[in-house]
Amino acid sequence: MKNLIRGVGFFVGLLYVAPASAQIYLPTNLPPYTLVGNLRGIGAPGYAVTMSELATALNNQGVTSPDGTIRSNISGAPGPAADNTISAVLDKLFGTTQGTVIYRGTNTAGWSALPPGPAGQFLSTNGPNANPSWANLPISGLSNSLGADVSLNSIGAYFAGPSITQGTSGTWSVTATATVLDTAGAASFNCRITDGINVVASSRSASVAASASVSISLSGLITSPAANLRLECADTSNTGGFMKANASGSLHDTMITAIRLGN
């Protein structure tokens, strides 16, 4: 049997309650504490509307929100929507730990949060189809010192000093120091850092008298060295020149150092 409802007609938001002269037929009994209405936003048959649904509809009618807010519920339990800042919504979704990085994952994973990494690590992108991650800086270093004096006994010819075996990949910061002298008299010296093909750095200096030493410092960058990096020097004045290994007594008078900066 159908139920007949009569009542006084009035509008409540989108809900219409029929006047006494009208009749609304329902196929079943209404649940407790419900009204007949249509809250779908389009013309449609009426249905049972709970008081909570009605309150939500009335709350959302004509409501404006402050700029920079999102109407949402971040209370941790079911409840009415409120105006929340974007920061508060992000805190709800991803947490409040300082240093957290938000990134886009797969279509299934959606947006995710990367917790802070250990101090000193850097953020690695890992390419367009992978998630970012924290990684250690790809830095490594090599160093070598001259073990014995090297004679520069051909005027203008370069003689090899200390070298390092760094491989042929990566970008390297290279520094070198050469201690040189000429036992025959004042002399001029050329020194360079090279991989045998490319000159990374070069310099020229002169001593003021026989056996007076001079220190020459060099530095430069090189990517993908062709071969081992080495320090070379030439005496351009006499045949009595030397690269010195231990003129100071501290064993590292002529040396080369390379630090790898990246892949």
Side-chain angles (χ1 to χ4, degrees), residues 1-138 262-263:
M1 174 181 289
K2 296 182 180 179
N3 296 290
L4 174 64
I5 299 178
R6 296 177 181 271
V8 177
F10 59 92
F11 281 95
V12 182
L14 299 178
L15 178 70
Y16 178 70
V17 179
S21 59
Q23 297 178 344
I24 300 177
Y25 291 92
L26 296 176
T28 60
N29 292 329
L30 287 174
Y33 306 107
T34 58
L35 299 173
V36 179
N38 171 20
L39 302 179
R40 296 189 175 97
I42 59 174
Y47 57 92
V49 177
T50 67
M51 295 300 179
S52 175
E53 291 171 335
L54 176 60
T56 299
L58 294 175
N59 186 49
N60 290 333
Q61 289 297 306
V63 174
T64 60
S65 298
D67 182 46
T69 62
I70 298 176
R71 196 155 184 80
S72 56
N73 173 20
I74 58 174
S75 65
D83 298 320
N84 297 294
T85 65
I86 294 175
S87 178
V89 173
L90 292 176
D91 286 348
K92 173 67 176 180
L93 296 175
F94 302 110
T96 59
T97 303
Q98 184 176 359
T100 298
V101 176
I102 300 173
Y103 66 91
R104 184 65 168 87
T106 63
N107 291 336
T108 301
W111 289 90
S112 301
L114 177 66
Q121 288 190 324
F122 76 100
L123 184 63
S124 175
T125 65
N126 300 317
N129 297 315
N131 296 333
S133 62
W134 301 108
N136 294 316
L137 289 171
N263 297 328

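Numbering starts at 1 and runs along the sequence shown. Treat the numbers as computed from the prediction; the structure is a model and nothing was measured.
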W111 and I102, any side-chain heavy atoms less than 4.5 Å apart: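 In short, these two side chains touch, coming nearer than 4.5 Å.
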
Can you see which heavy atom on [X] is nearest to which on [Y], and at what distance?
{"X": "P66", "Y": "D83", "value": "CD-OD2, 3.3 Å"}
{"X": "P80", "Y": "N73", "value": "O-CB, 4.1 Å"}
{"X": "G99", "Y": "P116", "value": "C-CG, 3.6 Å"}
{"X": "A113", "Y": "P115", "value": "O-CD, 3.5 Å"}
{"X": "G117", "Y": "Q121", "value": "CA-OE1, 4.1 Å"}
{"X": "N38", "Y": "Y47", "value": "CA-CE2, 3.7 Å"}

From CA spacing to verdict: side-chain contact (heavy atoms from CB on, under 4.5 Å), L114, F94: CA-CA 9 Å; L114 177 66; F94 302 110; over 6 Å; no

Side-chain (T97) to main-chain (T100) donor-acceptor, under 3.5 angstrom: no

S75 (side chain) donor-acceptor with A77 (main chain) under 3.5 angstrom: yes

No-hydrogen, no-angle side-chain donor-acceptor test under 3.5 Å, N126 and S133: yes

P132: side chain to side chain contact (heavy atoms under 4.5 Å, CB included) partners, not counting sequence neighbours: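 Only Y103, L123 meet the side chain to side chain contact (heavy atoms under 4.5 Å, CB included) criterion with P132.
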
Test side-chain contact (heavy atoms from CB on, under 4.5 Å) applied to F122 and N136, step by step: CA-CA 6 Å; F122 76 100; N136 294 316; 5.9 Å; no

Step-by-step side-chain contact (heavy atoms from CB on, under 4.5 Å) determination, N84 to I70: CA-CA 5 Å; N84 297 294; I70 298 176; 5.6 Å; no

